Amino acid sequence: MSEKPTKHTKVLIIGSGPAGYTAAVYAARAMLKPVLVHGMQPGGQLTITTDVENYPGFADVIQGPWLMEQMKEQAKTVGTELIEDHISSVDLKSSPFVAVGDSGDKYTADSIIISTGAQARWLNLESEQKYKGFGVSACATCDGFFFKDKTVAVVGGGNAAVEEAMFLTKFASKVKLIHRRNSLRAEKLLQKKLMENKKIEIIWDSVVEEVVGDENPKNVKGLKIKNIKTNNIEELKIDGLFIAIGHDPATQLFKDQLKMDNEGYLITKPDSTETNIPGVYAAGDVKDKTFRQAVTAAGMGCMAALEAEKHLSHN
């Protein structure tokens, strides 16, 4: 059996989405001939986001998948080579760096830009997984529309949870926010808006024990929640459940090679996308747990490409 081919590039970009595609556009225009390797679903979280109203440059509402398609085409047009493969291992100690795909293909690179993003965190209850897509969701903007005039619950206490709850009041008649503590972590201004909203009820000191639903047709009809102070279990009637308890960055691949924080987000130097290894950069949600916006991810992708170009010209 012959050796699988090795592809060498000056800039290897792992992961697509606003960060990866923007990095690709800048690197390609700098004549670096970047190679971007993306998984089965290119475009990241924006491909599961419908209406995008906060991306600069568009007065009308645009669709997340459309925006990603445009970025992908732009990256291609200016000279990026796009490859569908899943990078399963990397060696950042060798020179050049080495990445190996599930396909068996080997990629060597003088610099690497990591833009693998993050995924929503789940409660990991069996009943939650069972009704995922049948009334249980981690994306209010994707699925809120299906709950017109219904009662929904949101789990969480940070900005994301509060924003999801507020967003859902556009559709739902009642939104119950379930939080395991007795105060929210969200910004004060958001909390104020939340408290003023008549459609929202906050259930403090409580956790979801079980999602209750019907089998045929499969749909959610209630929750069992436990008050952690009294251990009392109460059943709520709801039509939908939204989980908003944070995200997990896709950084398993880089464990023990790159510095990360206790949640697994890659750590970069101040005002830079450079990781602890020169020539390796991180952009977008894989290193950003503060903003998590398409525009900030794109901005970091631009920074990473410019930093990579500078690094390559000096070495």
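Note that the structure is a prediction, hence the values are computed from the model and not measured. When reading the values below, keep in mind they use all heavy atoms of this one structure, side chains included, and skip hydrogens, waters and symmetry mates.
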Trainee: Less than 6.0 angstrom from the centroid, inside 45 degrees of the normal: does Lys148 satisfy that with respect to the ring of Phe171?
Mentor: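 Verdict for Phe171: no cation-pi partner in Lys148.
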Trainee: Are there more than 12 heavy atoms of other residues, nucleotides or ligands under 6.0 Å from atom NZ of Lys188?
Mentor: no
Trainee: I want to check something: taking the side chain as every heavy atom from C-beta on, are Tyr21 and Leu36 in contact at a cut-off of under 4.5 Å?
Mentor: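 Tyr21 reaches Leu36 side chain to side chain.
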Trainee: Does a donor on one side chain sit under 3.5 Å from an acceptor on the other, for Ser127 and Glu210?
Mentor: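 Glu210 and Ser127 do not have a side-chain donor-acceptor pair below 3.5 Å.
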Trainee: Less than 4.0 Å between a side-chain N and a carboxylate O, is that true for Glu263 and Arg121?
Mentor: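 Between Glu263 and Arg121 there is a salt bridge, with a charged N closer than 4.0 Å to a carboxylate O.
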Trainee: Under 3.5 Å, side chain of Thr22 to main-chain N/O of Ala19, donor-acceptor pair present?
Mentor: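 Pair absent, no side-chain N/O of Thr22 close to backbone of Ala19.
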Trainee: Quick one: do the Glu187 and Asn159 side chains pair a donor with an acceptor below 3.5 Å?
Mentor: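 Present: a donor and an acceptor within the cut-off.
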Trainee: What closest approach, in Å, do Ala23 and Ala305 show between heavy atoms, and which atom pair accounts for it?
Mentor: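 Nearest heavy atoms, Ala23 then Ala305: O-CB, 3.4 Å.
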Trainee: Are side-chain heavy atoms of Lys174 and Ile200 found at a separation under 4.5 Å?
Mentor: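 No; the side chains remain at least 4.5 Å from each other.
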Trainee: Report yes if the side chains of Gln45 and Cys139 come closer than 4.5 Å at any heavy-atom pair, otherwise no.
Mentor: no
Trainee: For the side chain of Thr116 and the backbone of Gly15, is there at least one donor-acceptor N/O pair under 3.5 Å apart?
Mentor: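 No, the answer is negative, given that no donor and acceptor are paired below the 3.5 Å cut-off.
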Trainee: Do the side chain of Ser16 and the main chain of Gly20 share a donor and acceptor less than 3.5 angstrom apart?
Mentor: no
Trainee: Just by distance, do the side chain of Asn197 and the backbone of Lys199 share a donor-acceptor pair under 3.5 Å?
Mentor: yes
Trainee: Same cluster or not: are Val212 and Val152 linked, directly or through other Ile, Leu, Val, Met, Phe, Trp or Tyr residues, by side-chain heavy atoms under 4.5 angstrom apart?
Mentor: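 No: no chain of side-chain contacts under 4.5 Å links Val212 to Val152.
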Trainee: Do the side-chain N and O atoms of Ser111 and His311 include a donor-acceptor pair separated by under 3.5 angstrom?
Mentor: no
Trainee: Provide the closest heavy-atom pair for Val35 versus Lys7 in the form atom of the first, atom of the second, distance.
Mentor: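 For Val35 and Lys7, the tightest heavy-atom pair comes out as CG2-CD, 4.3 Å.
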Trainee: So which heavy atom on Ile243 is nearest to which on Val136, and how close?
Mentor: CG1-CG1, 4.4 Å
Trainee: Within this structure, what is the CD1-CG distance for the pair Ile83 and Asp105, rounded to the nearest 0.5 Å?
Mentor: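 It is 7.5 Å, given to the nearest 0.5 Å.
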Trainee: Rounded to the nearest 0.5 Å, how far apart are CD1 of Ile178 and CD of Glu201?
Mentor: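 Between Ile178 CD1 and Glu201 CD, I get 9.0 Å after rounding to 0.5 Å.
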Trainee: Can you name the residues that form a side-chain contact (heavy atoms from CB on, under 4.5 Å) with Gln41, not counting sequence neighbours?
Mentor: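 Residues passing side-chain contact (heavy atoms from CB on, under 4.5 Å) with Gln41: none at all.
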Trainee: Taking all atoms of both residues into account, what is the closest heavy-atom pair of Ser88 and Asp102, and its distance?
Mentor: CB-OD1, 3.2 Å
Trainee: Distance check, rounded to the nearest 0.5 Å: Ser115 atom OG versus Ile14 atom CD1?
Mentor: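 One gets 8.0 Å once the value is rounded to the nearest 0.5 Å.
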Trainee: Could you work out, with side chain to side chain donor-acceptor pair (under 3.5 Å) as the rule, every residue matching Lys76, not counting sequence neighbours?
Mentor: none
Trainee: Charged N to carboxylate O below 4.0 Å: is that the case for Lys192 and Glu196?
Mentor: yes
Trainee: Just wondering, more than 12 heavy atoms not from Tyr107 lying within 6.0 Å of its OH?
Mentor: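 Yes, the 6.0 Å shell around OH holds more than 12 heavy atoms from other groups.
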Trainee: For residues Lys218 and Lys130, determine if any side-chain heavy atom of one lies less than 4.5 Å from a side-chain heavy atom of the other.
Mentor: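 Of all side-chain heavy-atom pairs linking Lys130 with Lys218, at least one is under 4.5 Å.
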Trainee: Hey, does the side chain of Glu274 reach the backbone of Ala304 with a donor-acceptor pair shorter than 3.5 angstrom?
Mentor: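 It does not hold such a pair.
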Trainee: For atom CE of Met195, is the number of surrounding heavy atoms from other residues, nucleotides or ligands below 6.0 Å larger than 12?
Mentor: yes
Trainee: Applying side chain to side chain contact (heavy atoms under 4.5 Å, CB included), run through Gln257 and Lys93 and close with a yes or a no.
Mentor: CA-CA 8 Å; Gln257 297 196 73; Lys93 293 184 179 64; 3.9 Å; yes
Trainee: What is the distance from atom OH of Tyr281 to atom CD1 of Ile112, rounded to the nearest 0.5 Å?
Mentor: 11.0 Å
Trainee: Once you round to the nearest 0.5 Å, how far does CG of Leu46 lie from CD of Gln293?
Mentor: 9.5 Å
Trainee: How far apart are the C-alpha atoms of Lys224 and Glu209, what are their side-chain angles, what is the distance that settles it, and do they pass the salt bridge (charged side-chain N to carboxylate O under 4.0 Å, His left out) test?
Mentor: CA-CA 5 Å; Lys224 281 184 184 158; Glu209 288 275 281; over 6 Å; no
Trainee: Please report the shortest heavy-atom distance between Leu92 and Phe254, naming the atom on each side.
Mentor: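 Closest heavy-atom pair between Leu92 and Phe254: CD1-CD2, 4.4 Å.
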Trainee: Does Leu12 share a hydrophobic cluster with Ile277, counting links as ILVMFWY side-chain heavy atoms below 4.5 Å and allowing steps through other members?
Mentor: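 Yes, because Leu12 and Ile277 connect within a single hydrophobic cluster, where side-chain heavy atoms sit under 4.5 Å apart.
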Trainee: If you count heavy atoms of other groups shown closer than 6.0 angstrom to CZ of Arg180, is the number above 12?
Mentor: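 Counting other residues, nucleotides and ligands, CZ of Arg180 stays at 12 neighbours or fewer.
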Trainee: Using a strict threshold of under 4.0 Å (side-chain N to carboxylate O), is an ion pair present between Lys10 and Glu309?
Mentor: no
Trainee: Do Val220 and Leu168 share a hydrophobic cluster, counting only Ile, Leu, Val, Met, Phe, Trp and Tyr and linking them when any side-chain heavy atoms are less than 4.5 Å apart?
Mentor: no
Trainee: I'd like to know whether CZ of Phe145 has more than 12 heavy-atom contacts from other residues, nucleotides or ligands below 6.0 angstrom.
Mentor: no
Trainee: Is the backbone N or O of Leu266 less than 3.5 Å from a side-chain atom of Lys287, with the two atoms forming a donor-acceptor pair by type?
Mentor: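 Not at all, since once roles are kept as given, no pair shorter than 3.5 Å links the two residues.
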Trainee: Does the side chain of Asp85 come under 3.5 Å of the side chain of Ser103 through a donor N or O and an acceptor N or O?
Mentor: yes
Trainee: Is the closest side-chain heavy-atom distance between Thr296 and Asp288 below 4.5 Å?
Mentor: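 Answer yes - side chains close enough.
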Trainee: Between Asn227 (side chain only) and Ser206 (backbone N and O only), is there a donor and an acceptor less than 3.5 Å apart?
Mentor: no
Trainee: Could you see if Tyr55 belongs to whatever hydrophobic cluster contains Trp66? Use Ile, Leu, Val, Met, Phe, Trp, Tyr and a side-chain cutoff under 4.5 Å.
Mentor: yes
Trainee: So how far is it from Tyr131 OH to Gln129 CD, rounded to the nearest 0.5 Å?
Mentor: 13.0 Å
Trainee: Assess whether side chain to side chain contact (heavy atoms under 4.5 Å, CB included) is satisfied between Asp91 and Phe97, documenting all intermediate values.
Mentor: CA-CA 6 Å; Asp91 180 358; Phe97 305 120; over 6 Å; no
Trainee: How far apart are the C-alpha atoms of Thr273 and Glu307, what are their side-chain angles, what is the distance that settles it, and do they pass the side-chain hydrogen bond (donor to acceptor under 3.5 Å, both in side chains) test?
Mentor: CA-CA 8 Å; Thr273 62; Glu307 288 187 282; 2.6 Å; yes
Trainee: May I ask you to test the Lys72-Pro42 pair for a side-chain heavy-atom distance under 4.5 Å?
Mentor: yes
Trainee: Restricting to non-hydrogen atoms, name the atom on Ala165 and the atom on Val154 that form the minimum distance, rounded to 0.1 Å.
Mentor: CA-CG2, 4.0 Å
Trainee: Is there side-chain contact between Glu128 and Val211, with heavy atoms separated by less than 4.5 Å?
Mentor: yes
Trainee: List the steps and the verdict of side chain to side chain contact (heavy atoms under 4.5 Å, CB included) for Ile267 and Thr275.
Mentor: CA-CA 6 Å; Ile267 294 170; Thr275 63; over 6 Å; no
Trainee: Side-chain atoms of residues 228-242: list all donor-acceptor pairs with protein atoms under 3.5 Å, sequence neighbours left out, distances to 0.1 Å.
Mentor:
{"unit_1": "Thr230", "atom_1": "OG1", "unit_2": "Asn232", "atom_2": "N", "d": "3.2"}
{"unit_1": "Asp239", "atom_1": "OD2", "unit_2": "Thr151", "atom_2": "N", "d": "2.9"}

Trainee: In sequence, state the C-alpha distance, the side-chain angles, and the governing distance for Ile87 and Leu253, and then conclude on side chain to side chain contact (heavy atoms under 4.5 Å, CB included).
Mentor: CA-CA 8 Å; Ile87 300 293; Leu253 196 55; 3.8 Å; yes
Trainee: Is the side chain of His8 donor-acceptor paired with the backbone N or O of Thr108 at a distance under 3.5 Å, no angle test?
Mentor: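 Answer holds: yes.
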Trainee: Contact between Thr80 and Val25 at the side-chain level, heavy atoms closer than 4.5 Å - yes or no?
Mentor: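 Not in contact.
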Trainee: Ile202, Met166: one ILVMFWY side-chain cluster at the under-4.5 Å cut-off?
Mentor: yes
